Structures are given as structure tokens and as C-alpha cells.
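Written below as C-alpha cells is the structure these notes are about.
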Amino acid sequence: MQLALKLRPESNTTLQNQLFAAIREQILQGKLKAGAVMPATRVLGEQLSVSRNTVVLTYERLVAEGYLESRPTIGTFVTSALPENALFFKRLSDSGSGFADQDAGERLTARHPILFQGRAQKVVNPNQHKLSADFWVGRPDPHSFPLKSWRRRLLHQLATAGANLTTYNDPGGIWELRKAIADHLGPARGIMATPEQIVIVSGSQGALNLVARLLVNKGTNVVIECPSYQGAAFLFESFGANLIPVRVDKHGLNTKKLPRERADLIFVTPSHQYPMGATLPLHRRVELLDWAWETGAYVLEDDYDSDFRYQGSPLSALFGLDQHGSVIYMGTFSKSIGPGIRLGYLVLPHDLVEPARTAKALLDNGHAWLDQVTLADFISSGSYARHLRRIRHTYWKRRDCLVDALQQHFGDVRLTGAEGGMHIVWHLPNNLPTAIEVQTIAEKAGVGVYALEAGAAICLHGNECSQRALIFGYSSLTESTIQKGITLLSEALKAST
Ligand SMILES: Cc1ncc(COP(=O)(O)O)c(C=O)c1O
């Protein structure tokens with residue numbers, strides 16, 4: 001058989017590529033039928049005046065891509081099973097003068113609309129490299145990451161991994177880590193939970209996604225604190241939830257204002273309200289749990305930075321107080337170790353354990369084994385508790401340094417959230433401009449201080465709660481940077497008036 005092929009030796013395209021494209025085109029257009037025998041390589045080479053090797057290499061590539069089949073000692077044939085996308089290409093090229101010059105809009109049916117709609121929380125500061133002191137929230141001290149210990153454990157786990165890296169593990173998390181977390185939570189947070197109730201997730205955001213998958217869809221009533229954390233509010237919003245904001249006051253969530261209508265879920269940060277920083281007092285915790293029991297709502301407790309408490313003793317988590325299985329607890333290692341490890345966990349009431357494990361399996365088949373086992377080793381060896389004691393002390397000193405610096409430059413400052421955590425909120429006095437204006441003036445002076453919206457917070461009652469509140473993260477800054485930053489801020493504000 002002679003093939004009607006023409007090559008152009010003067011072209012910039014190699015002869016091999018031309019031959020490949022020409023044969024492929026003939027197959028796709030049906031000119032070379034499925035099962036047709038191809039000419040011998042020597043014969044085709046002579047016909048086209050190209051070397052036999054050019055034809056051999058072209059056939060090999062057409063075989064590798066599934067257009068031809070080679071049957072040893074018999075010959076080379078057009079494949080009988082073209083891939084579906086090739087047939088699609090054929091249909092298009094059949095319908096006109098060639099694929100490339102057709103207007104795809106005329107022939108392709110409209111793409112399905114993207115169903116996801118959402119906005120992302122601001123946890124990455126795009127300006128960080130331009131600032132000489134950046135009070136961005138929620139960042140642990142980069143020098144306090146337990147690098148040596150982590151590296152040693154990681155290498156040891158790698159060396160003894162056996163089949164763990166080549167098999168699937170429990171989608172809910174490896175047992176050693178769930179056990180280590182359960183053991184830690186009893187004394188640390190007053191939570192009595194079994195390892196079976198724990199699911200390992202990718203930070204708090206992974207926990208929020210899993211819970212939303214279980215409990216939220218279009219129209220679900222989700223109560224949130226106002227102001228609240230963008231990561232939670234935006235996530236529920238993306239699932240179509242109906243968000244019901246309840247204001248916080250100086251004690252945290254105002255439980256007297258909880259809605260009487262049916263609510264399905266409430267998202268709260270009782271240890272250190274995000275962003276305002278209040279610790280929810282015991283009587284409000286009890287009121288919240290009573291309300292949840294009466295309305296049938298689940299309470300989602302985000303305990304993101306409770307490891308850092310500088311004044312008074314920490315209150316037990318809501319999960320530990322609850323008698324009715326209403327509370328879902330979420331913890332993260334993003335604040336205590338670092339967001340780079342992307343590890344967190346859910347502690348679930350019994351009725352949600354299996355649905356959550358199933359949802360997690362569907363989502364990603366579980367978290368990376370190596371990270372989990374390294375963390376499990378870090379916690380169960382006692383290193384985590386030592387690490388926490390060490391950084392708690394460091395952050396405490398940094399908090400004191402920030403409070404002192406603010407007092408020194410601005411007098412009797414009104415602050416909230418200083419009892420614990422990694423940030424404080426300064427309620428601006430009337431003689432200073434609004435928070436957004438202060439943020440802009442500070443940025444020009446090389447200092448990052450943030451109005452609530454820029455600090456990953458959201459106020460659903462408009463911007464009224466955020467106009468006069470500035471948020472300062474201090475955990476990642478040395479004391480000298482904190483002092484320098486507040487001095488620069490003070491000078492910049494003086495110069496602006
Ligand atoms: C209220 C709150 N929850 C949780 C997180 C932590 O998120 P993740 O664990 O996904 O890193 C943050 C981080 O800024 C936060 O502010």
C-alpha cells in the first residue's frame with residue numbers, strides 16, 4: 001500500500017515530526033482505517049525519500065501514543081481502539097476544513113458553570129518583605145520551630161518506615177497520633193476523649209471543611225461571632241450557609257443574643273475570641289451549651305491558640321463541659337508548632353465519628369503518614385510539652401514588651417486579648433484616626449499593624465466593630481523589633497497630625 005503523504009524538506013519542522021503528524025492526521029480522519037496494515041519502514045522511506053530510521057522512529061512514537069500497534073514478525077497496524085479524545089478530534093476535523101481554524105465556540109457545548117463560589121481568608125501578608133516590623137497575626141516565632149528534634153524524628157521514622165509509605169493508612173489518622181493527642185487533651189484542656197473520637201485533618205481549615213461537609217449546605221443556619229474569623233465565615237458562606245452574626249462584647253460571645261430560631265451550627269472561639277481576644281466566662285459557656293441543647297445546634301469550638309495563657313488558669317474547653325454530645329472540638333498545631341506542617345484535628349461527639357471518617361476518606365484518603373508519625377513521636381516523648389513551656393515563656397515576654405511599648409508611647413491604652421494567645425487588640429482613642437487610616441500611615445513608615453478585616457477577621461454588622469480596633473500579632477517578633485515598630489508607629493502618627 002502506498003500512503004498519500006507529502007513531506008516538505010524545506011520546512012523548519014523535522015521530517016520525523018512531519019511524518020508523525022501526517023500519519024496521525026490520516027488515522028484521525030479515518031483515511032487510514034482501524035486495523036489497516038502500515039507499509040514496511042524501508043518501503044515508506046524509499047517512497048518519501050527519507051531514511052529508514054526516520055520511519056522506524058516515527059512508527060515507534062505512533063505506537064507509544066496508541067495510534068499504531070506493532071505485531072512482532074507480522075508488521076505494524078493502525079490501532080483498533082483509538083482513545084476517546086482522538087475520536088473527538090476526528091469528529092471535529094471531519095466537520096470542516098481542519099481543527100485549528102475552526103471556531104470552537106460554534107461546536108462545543110457550553111462548559112458547565114463553576115459551582116464553587118467563595119473568597120479566601122487573608123492569612124498570607126503580601127507586603128511582609130517591605131516592612132521592618134510586621135505585626136501580622138497568627139505567626140509563631142520562626143526561630144522557635146523545634147528543628148533539631150523534628151529532623152531527628154523525621155529521619156528516624158523514614159529509616160524505619162517499612163511499608164507505611166507504600167500502603168494506605170487509616171483515613172482518620174494514624175492511631176499513634178490520635179492516642180498522643182487524646183492523652184495530651186485530658187490534662188491540657190479538660191477533654192476526656194478516646195483516640196477513636198479524633199480525626200486528623202489539615203489544620204483548622206481542614207477541620208472546618210470536614211464539618212461543613214457533614215452539616216452545612218444551602219440555607220443551613222450557621223451562627224458566628226461578630227466579629228469572627230474569615231476562614232470559618234467564608235468557608236460556611238461558600239457552602240451556601242445562612243450566616244447569623246451574634247455580637248461579642250468584652251466577655252466574648254453575648255449569649256443573651258443567641259437566636260431563638262432554629263440554628264444548626266454555631267462557630268465559636270471561647271478561649272481567645274478571634275479577633276477581639278476575650279475569654280468566654282464559665283456562666284456564658286453554660287448558657288451556650290444549654291442553648292445548643294435546646295435548639296439542637298452543634299457547637300464548633302475553635303481552640304486555635306489556647307496553649308498560650310499568661311494570666312489566670314485556662315478554662316476547660318466547652319467539649320469537656322458538655323453533657324449532650326453537642327460540641328465538636330477543633331485543634332491545630334499551626335500556632336503551637338507552625339502552619340507549615342498543616343496538621344490539626346477534630347474531636348467528635350460519638351454520632352459524628354463515622355460520618356467524619358467516611359467524609360475524610362472521600363476527601364483525601366487521610367493525611368501524610370510521615371508528618372503524622374513524626375508529630376506523634378514529638379508529642380508522646382514529652383518534647384511537645386517542653387516546647388510549649390518554652391515558647392509560652394517567649395511569647396509572654398513579647399506580649400509584655402508590646403503592652404509596655406504601647407503604654408510608653410500612647411499612655412493609657414485600652415487593650416483586649418492580652419491574657420493569652422498571640423495577638424492583642426488596641427481600641428484606638430478618639431484623638432487618633434480610624435484603624436484603616438492608621439494601618440495606611442504605619443505601612444508608609446514600614447510598620448504592619450492591621451484593621452480587623454486585614455487581619456483575617458470579618459464583621460458582618462458592617463465595619464462598625466472594626467473601625468477603631470487595631471490588631472497586633474507579636475509572637476513572631478523579637479522584643480527589639482516590637483519596640484522599634486511601636487516607636488516608628490508613634491512617630492508616623494505624630495507626623496500625620
Ligand atoms: C481563629 C483561627 N482559627 C484557626 C486558625 C488556624 O488555621 P489553620 O490551622 O488552618 O492554620 C487561625 C489562623 O490564623 C485563626 O485565626
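Remember, it's 1-based here, ligands and their atoms both numbered in the order they're listed. No hydrogens, no waters, no symmetry mates; every other heavy atom, side chains included, goes into these values. Being a predicted model, the structure only gives us computed values, none of them experimental.
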Could you tell me whether the side chains of Asn242 and Asn221 share a donor-acceptor contact shorter than 3.5 Å? yes
His427: what forms a side-chain hydrogen bond (donor to acceptor under 3.5 Å, both in side chains) with it, not counting sequence neighbours? Thr416
Counting only nitrogen or oxygen atoms and a 3.5 angstrom limit, does Tyr304 reach ligand 1? no
With sequence neighbours excluded, tell me which residues meet side-chain hydrogen bond (donor to acceptor under 3.5 Å, both in side chains) with Asn127. Lys130, Glu443
What protein heavy atom lies closest to atom 11 (O) of ligand 1? Include the residue and the distance to one decimal. Ser334 OG, 2.6 Å
What is the ring orientation for His423 with Tyr274, classed by angle as parallel under 30°, tilted 30 to 60°, or perpendicular over 60°? perpendicular
Ser202, any N or O under 3.5 Å of ligand 1 N or O: no
Any atoms of ligand 1 less than 4.0 Å from a non-hydrogen atom of Gln205? List them with their elements. 10 (O)
Parallel, tilted or perpendicular: which fits the ring planes of Phe135 and Phe472, with parallel below 30° and perpendicular above 60°? perpendicular
What's the shortest distance from atom 2 (C) of ligand 1 to any protein heavy atom, and which residue and atom give it? Asp302 OD2, 3.4 Å
Could you tell me which atoms of ligand 1, counted from 1 in the order shown, lie closer than 4.0 angstrom to a heavy atom of Lys335? 6 (C), 12 (C), 13 (C), 14 (O)
Can you list the ligand 1 atoms lying under 4.0 Å from a non-hydrogen atom of Arg342? 8 (P), 10 (O), 11 (O)
To which protein heavy atom is atom 4 (C) of ligand 1 closest, and what is the distance rounded to 0.1 Å? Ser204 OG, 3.3 Å
Could Lys257 and Asp249 be called an ion pair, given the rule that one side-chain N must be under 4.0 Å from one carboxylate O? no
Heavy-atom gap Gly138 to ligand 1 smaller than 4.0 Å: no
Are Tyr384 and Phe333 an aromatic pair, judged by ring center distance below 6.0 Å? yes
